[in-house]
Amino acid sequence: MKSIIEHIALITQLHGTPLAEATLAAQVTRDAQMGVNFQSLTEVLRSFGFENTLSKRPLIEIPSLAVPVLLVLHDEQAAVVTAIE
């Protein structure tokens, strides 16, 4: 699977305002274990004009109008959901 940063770059492409993976990786800070600092990620995305929120919820509760969404998985992995039926 691809990393969170790679998937966020994909979502920015889907929204029609591509943001390079290298740009995100260079600006997002990391924690002591080299994991993505989510507060930093949120701020970097806002600085490029992307509204974003982090929320923990069951998949069934994600509204279909919210797509594309990024699912944050274990070990810095992620998945992009582009349709909910």
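- Listed here is the closest heavy atom pair of T29 and S40: N-OG, 2.9 Å.
- Tracing side-chain contacts under 4.5 Å through hydrophobic residues (I, L, V, M, F, W, Y), one never reaches V44 starting from M34; they form parts of separate clusters.
- Counted within 6.0 Å of CD on E43, heavy atoms from surrounding residues, nucleotides or ligands total more than 12; the atom is thus considered enclosed.
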Open item on the list: The test is side-chain contact (heavy atoms from CB on, under 4.5 Å); show your working for T82 and L14 and say whether it passes.
Closed with: CA-CA 9 Å; T82 58; L14 293 172; 3.9 Å; yes

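- Nearest heavy atoms, H7 versus L70: CB-CD1, 3.2 Å.
- In this structure, the separation between CD on E51 and OG1 on T42 is 11.0 Å, given to the nearest 0.5 Å.
- Nearest heavy-atom pair across I11 and V69 is CD1-C, 3.9 Å.
- Although no hydrogens or angles enter the test, the distance criterion places no donor-acceptor pair under 3.5 Å between the side chain of E61 and the main chain of P58.
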Task: Chi angles and distances behind the side-chain contact (heavy atoms from CB on, under 4.5 Å) call for N37, R30 - done: CA-CA 5 Å; N37 178 304; R30 301 279 180 161; over 6 Å; no

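- Considering every non-hydrogen atom in both L19 and T12, the closest pair reads N-OG1, 2.9 Å.
- The shortest heavy-atom contact between L73 and A78 is CD1-C, 3.9 Å.
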- [ ] Give the C-alpha distance, both sets of side-chain angles, the deciding distance and a yes or no for side-chain contact (heavy atoms from CB on, under 4.5 Å) between L71 and I62.
- [x] CA-CA 11 Å; L71 302 179; I62 299 173; 4.0 Å; yes

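- In this structure, T17 and F50 approach most closely via the heavy-atom pair O-CZ, 3.4 Å.
- With contacts defined as side-chain heavy-atom distances shorter than 4.5 Å, the pair L41/I4 qualifies.
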